[in-house]
Visitor: 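I'd like to ask you about the structure that follows.
Bear in mind that the values here come from a model prediction, so they are computed numbers and not experimental data. Proteins come first, then strands; the chains are lettered A, B, ... in the order of their sequence lines, and each starts at number 1.
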Amino acid sequence: MKNYVAEIIEKALGSLLDVNQMPEIIIENPRMPEHGDAACNVAMTLARTLKKPPRAIAEELVSKLEYDESAIKSVEIAGPGFINFRYADDWLYHQLETIRSAGSEFGKGESLKGKKVLVEFVSANPTGPLTVGHGRNAVLGDTISRLLEWSGAKVDREYYFNNAGRQMRILGQSVASRYADLVGGTFPFPEDGYQGEYIKDIAKDVQTKHGDDLLNSDSEAIFRKAAEEAIFDDIQQTLERMNIKMDLFFNEHSLYESGAIEKVVTDLREKGLVFEKDGATWFKTTEFGKEKDTVLIKSSGEPTYRLPDIAYHAEKLNRGYDLCVDVFGADHIATYPDVINAIGALGYEKEKVDVLVYQFVTIVQDGKPFKMSTRKANFITLDELMDETGADVTRFFFLMRAPGTHLEFDIDQAKESGEKNPVFYLQYAHARIKSISRNLGDTLDANAKADFSLLKHSSEVSLIKQLLLFPESIESAAKHKEPHRLINYLNDLAAGFHKFYHDCRIVGEEESLALARMQLLECVAQVMANGLGILGIDAPDRM
RNA sequence: GCGCCCGUAGCUCAACUGGAUAGAGCAUCUGACUACGGAUCAGAAGGUUGGGAGUUCGAAUCUUCCCGGGCGCACCA
């Protein structure tokens with residue numbers, strides 16, 4: 001409908017000015033209902049170039065406007081020069097049919113139709129259980145994947161990990177040391193070792209599987225392997241519990257085996273962007289406006305993490321994805337431009353790499369921030385968090401705020417099962433509609449054709465209009481990669497429903513009206529279920 | 001010191017990326033069904049959008065300078 005409005009405006013403008021003066025036509029949803037259902041501000045933006053007062057332009061424009069009166073009821077000029085459109089009632093009623101027949105598909109868009117997208121997220125190395133910090137990453141990545149799928153894309157969820165290197169070595173040594181405690185041997189606990197309880201559990205497993213005699217031989221690999229497997233297993237279970245299923249796991253190590261790493265260096269060298277200094281290999285990031293150049297390969301011969309990162313992104317694009325989304329915490333904010341610049345220099349379209357940076361999470365308990373330190377034992381794992389609050393609530397809280405702002409996760413609020421918990425507001429609306437539907441039983445023929453023109457009450461009409469905003473709320477959440485936009489929408493929808501509930505009744509009303517209202521509510525429940533589905537949250541029939 | 005985020009009601013956050021009178025939830029106060037689930041609804045109160053200057057028809061949003069907080073700034077990942 002907004003497209004239609006834009007179209008008729010563009011047509012009318014065509015007779016007023018040259019093609020090259022044509023501005024972008026933006027149709028917005030007015031905040032206040034008095035301002036109609038759609039508004040356009042072109043008259044104001046044109047005031048400068050046309051050197052005429054906006055209202056005069058608006059009047060001229062409206063006089064040239066040709067539109068279908070079965071779709072648009074009225075056009076008015078208001079305020080400084082807004083053109084406000086009001087939709088025709090019959091058109092609105094007809095939309096309910098559309099929603100009903102679309103059902104669980106309602107809200108799907110085509111903006112990314114036919115596109116292959118890779119979303120890389122979590123990507124925690126297997127050195128310990130997922131913590132609250134990973135939680136926001138995981139839930140954002142998964143929900144964005146779902147949003148992109150609803151936009152028509154084919155999405156792969158990928159987990160990138162590194163099971164070699166220093167951290168994993170320390171992990172293996174930590175396990176070995178705990179194992180030594182168990183069997184009465186000695187193995188020094190490494191400096192910066194992992195102190196969590198889970199290390200002891202792994203050591204115990206190693207003992208039952210391999211016996212007490214491991215310390216004498218060169219068995220470090222066994223400890224490391226055992227740790228990796230146990231921890232990965234744990235991570236996957238946690239993800240599954242959060243309703244997250246990864247499609248692909250990508251091991252950094254394969255980039256060395258395939259020669260992809262070397263290829264990056266030689267290719268960049270060919271472009272004159274790589275040089276040697278002090279025994280190390282450098283990437284000329286100063287070419288891209290950075291203050292300093294960056295080391296790619298240390299003088300020890302070991303690459304820095306940036307090099308595999310570059311190779312990894314090249315590899316992803318080689319696989320033919322139209323878009324690669326990375327979900328990163330704020331600590332990576334300064335480093336990813338190197339990767340993007342390198343990708344560009346290597347001849348890839350760097351626009352195909354899209355980085356979503358989210359800010360850190362603060363856990364609040366008993367009204368106070370809870371301090372966490374990674375390697376020490378005092379962190380809250382995602383599993384512990386879900387034990388306290390449940391998976392639905394956990395997902396919701398991580399999604400509730402814009403990714404770019406700091407998130408305060410109030411455990412006490414999340415544990416609250418009553419009105420203080422914002423998740424239940426949405427789920428309750430859904431459950432309540434299902435309950436009404438049950439109460440009606442078979443007094444109504446649910447599949448009968450309803451006469452929606454009976455829906456004249458203002459809370460009915462605004463509820464219909466809210467339903468129609470669902471597709472664009474998905475589109476906007478997907479485009480900006482900000483799931484909280486969808487949450488805000490669902491909140492408004494739930495509020496609209498509850499208002500309706502208090503204004504209008506169904507049970508006991510005259511049959512044709514009851515039928516129309518019930519089918520309206522079924523549309524609301526359907527949209528709520530679709531929306532919660534995108535968020536990965538259950539839409540229960542009873543609570 | 002440099003770079004990137006953030007600063008909006010007492011608290012946690014929105015504001016469709018420059019639009020009309022800055023909105024919700026929690027907390028506080030006042031009200032509401034002998035009927036569909038009160039986990040709800042209606043209302044009150046709460047603001048110089050951290051501060052100053054600038055850009056224009058129009059600024060929470062863009063520019064710039066201060067103030068305050070977070071994260072980075074390794075031949076660590």
Visitor: Could you identify the nucleotide paired to rA27(B), looking across every strand shown and requiring Watson-Crick or G-U wobble geometry with both distances under 3.5 Å?
Guide: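 The answer is none; no pair meets the criterion.
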Visitor: Please determine whether a side-chain nitrogen or oxygen atom of N421(A) lies at a distance below 4.0 Å from atom OP1 or OP2 of rA39(B).
Guide: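 Checking N421(A) against rA39(B): no side-chain N or O falls below 4.0 Å of OP1 or OP2.
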Visitor: Salt bridge or not for E158(A) and K316(A), using N-O below 4.0 Å?
Guide: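 No, E158(A) and K316(A) are not salt-bridged.
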Visitor: Can you classify the ring geometry of H498(A) versus Y425(A) as parallel (below 30°), tilted (30 to 60°) or perpendicular (above 60°)?
Guide: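 Because their plane-to-plane angle lies in the 30° to 60° range, the rings of H498(A) and Y425(A) count as tilted.
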Visitor: Can you give one letter per nucleotide of nucleotides 14-26 of chain B, going 5' to 3': B for a protein heavy atom under 4.0 Å from the base, S for sugar-phosphate only, - for none?
Guide: SSBB-BBB----S
Visitor: Using heavy atoms to find the nearest nucleotide of RNA chain B for P54(A) and G404(A) separately, return the residue whose nucleotide is more 5′.
Guide: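 This one resolves to G404(A).
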Visitor: Heavy atoms under 4.0 Å is the rule here; annotate nucleotides 70-77 of chain B 5' to 3' with B where the base is hit, S where only the sugar-phosphate is, and - elsewhere.
Guide: SSS-SBSB
Visitor: Taking the six-membered ring for Trp, are Y160(A) and Y312(A) parallel (under 30°), tilted (30 to 60°) or perpendicular (over 60°)?
Guide: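 The arrangement is parallel - the two ring planes meet at less than 30°.
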Visitor: Could you check whether T405(A) and Q359(A), counting side-chain N and O atoms only, form a donor-acceptor pair closer than 3.5 Å?
Guide: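 Not at all, the side chains of Q359(A) and T405(A) share no donor-acceptor pair under 3.5 Å.
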Visitor: Pick one for rU28(B): is it syn, with its angle within 90° of 0, or anti?
Guide: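 With its glycosidic angle more than 90° from zero, rU28(B) counts as anti.
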Visitor: Taking side chain as C-beta onward, heavy atoms only, is L426(A) less than 4.5 Å from H430(A)?
Guide: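 In short, these two side chains do not touch, never coming nearer than 4.5 Å.
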Visitor: Are E252(A) and N163(A) close enough that a side-chain donor and a side-chain acceptor fall under 3.5 Å?
Guide: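 Distance-only check fails for E252(A) and N163(A).
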Visitor: Between protein and nucleic acid, restricted to nucleotides 42-47 of chain B and to nitrogen or oxygen atoms under 3.5 Å apart, what atom pairs and distances do you find?
Guide:
none

Visitor: Could you tell me which nucleotide pairs with rU55(B) by Watson-Crick or G-U wobble geometry, both distances under 3.5 Å, or answer none if nothing does?
Guide: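 Matched rU55(B) with nothing under the 3.5 Å cut-off.
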Visitor: With salt bridge (Lys or Arg N to Asp or Glu O under 4.0 Å) as the test, would you mind laying out the steps for R166(A) and D192(A) before giving the verdict?
Guide: CA-CA 11 Å; R166(A) 183 170 167 268; D192(A) 297 336; 3.7 Å; yes
